[in-house]
Amino acid sequence: MEILREKPSRNPKEVLTFAALVLLASVTLLTTAGIVLSLFGEVLQFFRRVPLAEFLLARDWTPLFAEPRYGISPLIAGTFLVTAIGLVVAIPLGLALAVYIAEYARGEAKARIKGTLELFEGIPTVVFGFFALLTVTPLLQKVIPGLNIFNALSAGLVLGFVILPYVANVAADAMESVPRSIREAAYALGARPYEVALRVVFPAALSGIVAAIILAASRAIGETMLVSIAAGQRPILTLDPRETIATMTSYIVQAATGDQPVGSTAYYALFAVGFTLFLLTLLFNILAQWVVERYRERYE
Amino acid sequence: MSSWQQTFGVDPWKDRVDRAFARALVLPLLLALALLAWLLGDTLYRSVSVQVLKADEGPGKTYAFGLSANEILRQELLARGYTEEEVQSALGDPRERRVLLMQNRVELMWNTHEGPFRYVVTGLRDERIADFSLLEGLRRWQELKANLKEGERLVLNPWLDQSFLTRVPSRSPLTAGIGTAIWGTVWVLGLALLIAIPVGIGTAILLEEYVREGRLNRILEVNLRNLAGVPSIVYGLLGLALFVRGMGLGPTILPAAMTLALLGIPVIVVTAREALRAVPESLRLAAFALGATRRQVAFRVVFPAALPGMVTGVILSAARLIGEAAPLLLVGAAAYVPFLPNSPLSEYTVIPVQIYLWVGMNLPEFARVAAAGILVMLLVLSVLYFLALYLRNRFRREW
Amino acid sequence: MNALDFLKDHETIRTDPVPEAEALVDVRHLNLWYGKAQALFGISVRFPRNQVTAIIGPSGCGKSTLLRSLNRMNDLIPGVRVEGEVLYEGINIYDPQVDPVAVRRHIGMVFQKPNPFPKTIFENVAFGLRLMGVKGSELEDRVVEALKRAALWNEVKDRFKKESGLRLSGGQQQRLCIARAIAVEPPLLLMDEPTSALDPIATQAIEDLILELKEHYTVVIVTHNMQQASRISDRTLFMHLGVLVEEGPTELMFTKPKHPYTEAYITGRFG
């Protein structure tokens with residue numbers, strides 16, 4: 001019975017392979033550490049020069065002026081303005097599509113719709129920016145007087161379509177995970193398909209749907225190319241969608257493509273804005289996970 | 001109404017609501033598809049224009065279809081007043097010939113005042129007299145043709161043509177090309193995948209085949225989920241602070257590839273895990289029952305079975321990465337690079353960034369150059385998508 | 001008093017118990033938990049060499065769990081805890097010094113649903129041999145030998161190097177899995193309801209095969225089909241709720257069951 005005394009699991013090859021895999025996987029942990037540390041180091045430099053109170057409370061973002069001011073509020077306002085417009089488009093359309101995918105589409109049709117959404121998601125946002133700036137804006141200008149060439153409205157509308165597949169997919173997944181038995185119970189009570197969809201499945205999947213919206217919002221906040229191209233790069237504190245604005249992301253692009261001397265306050269400001277953006281999206285993601293965990297219906 | 005009808009009869013109003021509801025739900029899809037069609041059509045339309053061009057040097061001739069680039073250059077140079085010997089020596093020297101081709105774009109026009117499908121040589125300093133959209137240009141074709149002055153050419157210009165693909169960027173939209181950006185994308189994406197594929201697939205194998213639960217699994221899972229939610233531009237900041245400045249690599253290909261790799265890893269992990277999960281548990285059990293170790297189960301049974309799925313996933317992830325402009329803008333892609341990159345420490349630009357730069361240019365024709373660039377990028381993406389789709393269907397397995 | 005409380009301290013009824021010398025496997029006081037739920041209760045039983053032992057019982061009675069604890073397949077399920085001993089040729093396979101992988105290399109197993117690898121027929125059978133480091137012409141000879149013993153050779157001999165194992169019919173696939181298991185010449189072959197996914201004709205072929213395999217191997221088979229147990233096995237174990245209720249020669253079990261539960265199950269009154 002010599003074979004039973006062998007130790008194939010403790011063969012050096014086994015141990016080395018496991019170690020190698022753990023090493024590879026640790027790259028993902030190092031990435032997070034790298035993001036946090038690299039941002040944090042530069043952000044500390046920034047707050048050594050600019051008081052936190054100014055960053056949070058001042059109403060101007062003018063790093064390049066002779067007397068620079070570093071108040072993040074115009075960038076936050078710009079970001080939320082564009083995101084809000086995007087969500088106004090994406091929520092109704094995305095949820096309607098999600099209901100269709102989860103409740104009506106069958107087999108082939110469902111696969112084809114999902115494939116189309118995948119295709120849509122795969123289009124680089126720089127293309128949507130081009131489209132928003134050169135096609136949508138001139139069209140809107142004919143309808144809306146006083147619309148700037150670079151404006152939050154056009155960028156937000158197109159952004160809505162960019163995040164639409166995301167809302168639709170995640171919300172559809174949530175609705176599809178509602179067990180069949182619950183639908184059948186409703187049908188057995190004489191409910192019609194639309195009643196089942198709206199009164200049974202939709203409420204049952206609500207936590208997942210809310211999470212889908214939060215995640216889509218987080219994605220919209222982080223979207224860069226579309227807003228830098230179409231919404232402009234002028235940080236002013238306004239909620240007028242016709243205005244040229246700057247979002248956090250578009251400021252980062254603007255600052256990074258212009259040459260900021262390393263060590264200047266403007267250079268560190270780049271990271272302060274980036275860190276704010278990082279925290280905000282992280283917060284949204286955690287919020288989405290919390291909503292799913294906290295309000296999940298437990299079946300069985 | 002009899003009682004059975006009250007109980008079982010069709011309620012026409014509710015029926016109508018039902019059907020209208022189902023139909024209304026498809027609207028967003030149609031809207032999205034319409035937008036997509038509009039975007040594509042618009043880009044295509046923008047990528048063609050009718051132009052009146054004035055030659056800076058020489059009479060501004062057009063050349064017949066079928067001539068070689070060499071022959072066209074020869075005739076053009078002769079027409080500009082160079083002697084036969086000068087022309088011969090210029091074309092004979094490969095370096096001089098390349099400079100000539102950089103400064104003079106030999107372009108096949110769909111139509112010209114001298115007839116359809118003729119070559120035009122556009123010089124760096126040639127002047128654009130007028131630029132019309134396709135429909136207006138065609139409508140006014142005869143009028144424009146009649147008013148042509150000395151040295152002017154009327155052309156129907158498809159901005160996306162062969163020379164566009166090979167040329168370097170230029171200050172003039174007439175001679176701008178996407179060649180450097182294509183090579184930049186190839187370099188950056190290739191190196192990024194070289195890093196991201198082993199890390200992504202290794203992580204997926206660890207999570208699916210070694211530690212399906214426990215603390216290591218939880219830490220990695222939570223971390224990956226959060227990484228997937230980090231905006232891509234934040235990765236750019238990481239690359240800028242850590243690779244470009246911290247490691248002193250400068251605004252070159254290598255830090256860009258590293259940045260893009262980090263961005264791609266979570267995506268590849270997700271797709272690779274899906275592929276691994278699609279391998280039925282019964283195969284793992286069969287291998288374990290034969291006395292395979294974890295490594296042997298993972299690498300001799302599960303990995304080969306999941307390989308087609310993983311390849312598909314990697315291709316789709318690569319397609320996502322190609323379109324990423326934001327993080328690369330921060331690590332040096334916004335540079336004006338008039339030469340092809342030739343090492344990981346070359347300066348570079350990539351296709352989406354090049355498009356972004358063109359969109360931001362003041363001259364209206366740069367919108368046409370950008371449209372041509374977008375078409376190139378969408379073409380590359382569709383090739384990748386169809387490849388992925390083909391592989392997915394080709395290797396679909398019934399277990 | 002519910003059935004489990006009634007059975008928990010039950011002393012297994014044994015007819016013609018297997019003498020220690022004849023046993024290939026000797027299970028002693030085996031308890032097994034999935035997390036907090038106990039699945040096997042103090043099982044003691046001996047499996048005699050070169051005989052077919054069937055394990056029967058209603059679903060959820062722990063018969064597959066017992067089978068899987070004979071080659072430590074249960075170790076793959078997180079949260080499993082085992083107490084007691086399984087002596088194989090006198091060695092306790094649950095000894096901390098024993099590597100479960102080595103145990104599984106030595107003991108063959110066939111599953112409920114045929115599960116060939118998505119590889120050629122040849123590579124399927126060669127898999128276990130390759131793990132043991134068998135190469136070259138010896139590898140080839142032993143693959144052919146295994147296919148012959150599994151009564152599959154005649155059907156696949158002209159294509160076994162090219163065709164995928166997945167292209168075979170269900171019954172052929174199961175015989176391929178048997179060939180794969182016996183290629184490494186395991187003295188003990190464990191079969192977990194090997195015919196439950198097959199049609200009657202394929203089932204017949206597998207049953208014939210098991211009777212032939214008896215010559216070389218010791219077979220333990222879990223089955224929910226009592227006719228099958230009576231046709232192919234020499235001894236039968238009846239389990240209920242994780243307890244080994246009764247064991248003995250198959251003929252006696254089926255004609256003169258001693259425990260009321262055994263009788264009820266065999267006559268089809270529950271299960």
Side-chain angles (χ1 to χ4, degrees), chain A residues 8-9 11 13-14 17-18 20-22 24-25 27-29 31-32 34-35 38-39 41-42 93-94 96-97 99-100 104 113 116 119-120 122-124 126-127 129-131 133-135 161 164 192-194 218 221-222 224-225 229 249 252-253 256-257 262 270-271 274 277-278 281-282 285, chain B residues 14 17-18 21-22 24-29 31-33 35-36 39 42 198-199 202-203 205-206 210 220 223-227 229-234 237-238 240-242 245-246 262 265-266 269 293-295 319-320 323 325-326 329-330 334 352 355-356 359 367 370 374 377-378 381 385:
Chain A
S9 306
N11 185 310
K13 267 190 186 170
E14 299 295 322
T17 309
F18 182 68
L21 291 176
V22 171
L24 287 175
V27 172
T28 63
L29 296 173
T31 308
T32 309
I35 289 174
S38 68
L39 289 181
E42 315 286 36
L93 295 183
L97 199 50
V99 172
Y100 188 79
Y104 287 84
I113 294 174
T116 311
L119 207 71
F120 212 88
I123 294 178
V126 67
V127 178
F130 170 87
F131 180 66
L133 176 66
L134 295 174
T135 310
F161 280 90
L164 185 154
R192 284 160 182 281
Y194 80 92
S218 155
I221 291 173
T224 306
M225 298 319 291
I229 293 174
T249 53
I252 295 175
V253 165
T257 45
V262 188
L270 193 63
F271 290 89
L277 177 66
F278 172 69
T281 49
L282 190 67
N285 283 307
Chain B
K14 280 204 154 184
V17 171
D18 220 4
F21 184 70
L25 291 177
V26 200
L27 272 178
L29 187 68
L31 212 58
L33 280 177
L35 191 88
L36 203 61
L39 189 157
D42 194 65
V199 174
T203 306
I205 290 178
L206 183 74
Y210 281 80
L220 289 172
N223 181 54
L224 280 169
R225 214 179 314 157
N226 287 330
L227 275 184
V230 174
S232 61
I233 195 161
V234 173
L237 287 171
L238 165 77
L240 175 63
L242 226 56
R245 310 268 196 218
L262 295 187
I265 287 167
V269 171
T293 59
R294 275 203 186 279
R295 179 181 59 89
R320 283 287 150 82
L329 275 173
L330 270 68
I355 292 168
Y356 167 74
V359 174
I374 287 174
M377 183 159 65
L378 293 183
L381 290 183
Y385 276 112

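As the structure is a computational prediction, the values presented were derived from the model and not from experiment. Every chain is numbered from 1 and lettered A, B, ... according to where its sequence line falls, protein lines coming before strand lines.
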- prompt: Does any heavy atom of chain A fall under 4.5 Å from the side chain of B:D18, the backbone, both, or neither of them?
  reply: both
query: Which residue out of B:L378, B:D42, B:V359 racks up the most heavy-atom pairs below 4.5 Å with chain A?
result: B:D42
field: Closest-packed option against chain A by number of heavy-atom pairs under 4.5 Å, given B:A32, B:A326, B:P28, B:G323
entry: B:P28
query: Should B:R295 and B:Y210 count as side-chain neighbours, where that means a heavy-atom distance under 4.5 Å?
result: yes
- prompt: Do A:S38 and B:L240 come within less than 4.5 Å of each other through their side chains, counting heavy atoms only?
  reply: no
- request: Look at the side chain of B:S232 and the backbone N and O of B:V230, then say whether any donor-acceptor pair between them is shorter than 3.5 Å.
  value: no
message: Nearest 0.5 angstrom please: A:L270 CG to A:E42 CD, how far?
response: 9.0 Å
Contacts of type side-chain hydrogen bond (donor to acceptor under 3.5 Å, both in side chains), residue B:R294, not counting sequence neighbours: none
message: A side-chain contact here means heavy atoms from C-beta on lying under 4.5 Å apart; do A:F161 and B:L31 qualify?
response: yes
field: Minimum heavy-atom distance B:L329-A:M225, with the two atoms named
entry: CD1-CE, 3.6 Å
- prompt: Looking at B:I355, B:L33, B:L35, which makes the most heavy-atom pairs under 4.5 Å with chain A?
  reply: B:L35
Among the listed options A:G34, A:P193, A:S9, the residue most often paired with chain B at heavy-atom distances under 4.5 Å: A:P193
- line: Separation between CG (B:L237) and CG (B:L242), nearest 0.5 Å, reads 11.5 Å
query: In terms of heavy-atom proximity below 4.5 Å to chain A, should B:L39 be classed as side chain, backbone, both, or neither?
result: both
query: With only heavy atoms counted, which part of A:L29 is less than 4.5 Å from chain B, the side chain, the backbone, both or neither?
result: both
statement: Okay, B:L29 and chain A: the region with an atom under 4.5 Å from a heavy atom over there is both
query: When only pairs under 4.5 Å are counted, which of A:P8, A:G274, A:G122 shares the most heavy-atom pairs with chain B?
result: A:G122
Contacting moiety of A:T28, where chain B heavy atoms sit under 4.5 Å: both
4.5 Å side-chain heavy-atom contact, A:Y104 and A:Y194: yes
- line: Bottom line for A:L133: the part with an atom under 4.5 Å from chain B's heavy atoms is side chain
query: Relative to chain A, which of B:L206, B:L381, B:V269 shows the most heavy atom pairs under 4.5 Å?
result: B:L206
field: Set of residues satisfying ring pair (Phe, Tyr, Trp, His ring centres under 6.0 Å) with respect to A:F271, sequence neighbours excluded
entry: A:Y267
message: Heavy-atom cut-off 4.5 Å, strictly under: side chain, backbone, both or neither for A:T281 against chain B?
response: side chain
- prompt: Who among A:N285, A:L164, A:I229, A:T17 has the most heavy-atom pairs with chain B under 4.5 Å?
  reply: A:T17
task: Identify which part of B:L227 has an atom lying under 4.5 Å from any heavy atom of chain A, answering side chain, backbone, both or neither.
output: side chain
field: chain A contact via B:V199 - which portion, at a heavy-atom distance below 4.5 Å
entry: both
query: Side chain, backbone, both or neither: which part of B:L224 has a non-hydrogen atom closer than 4.5 Å to chain A?
result: side chain
- line: Smallest heavy-atom separation, B:P198 atom then A:L24 atom, equals O-CD1, 3.5 Å
task: Look at A:V27, A:V99, A:L134 and state which one has the largest set of heavy-atom pairs under 4.5 Å with chain B.
output: A:L134
- prompt: Given a strict heavy-atom distance threshold of 4.5 Å, which part of A:T135 is in contact with chain B: side chain, backbone, both, or neither?
  reply: both
Contact class of B:Y385 relative to chain A, heavy atoms under 4.5 angstrom: side chain
message: Less than 4.5 Å to any heavy atom of chain B: does that hold for the side chain of A:E14, its backbone, both, or neither?
response: both
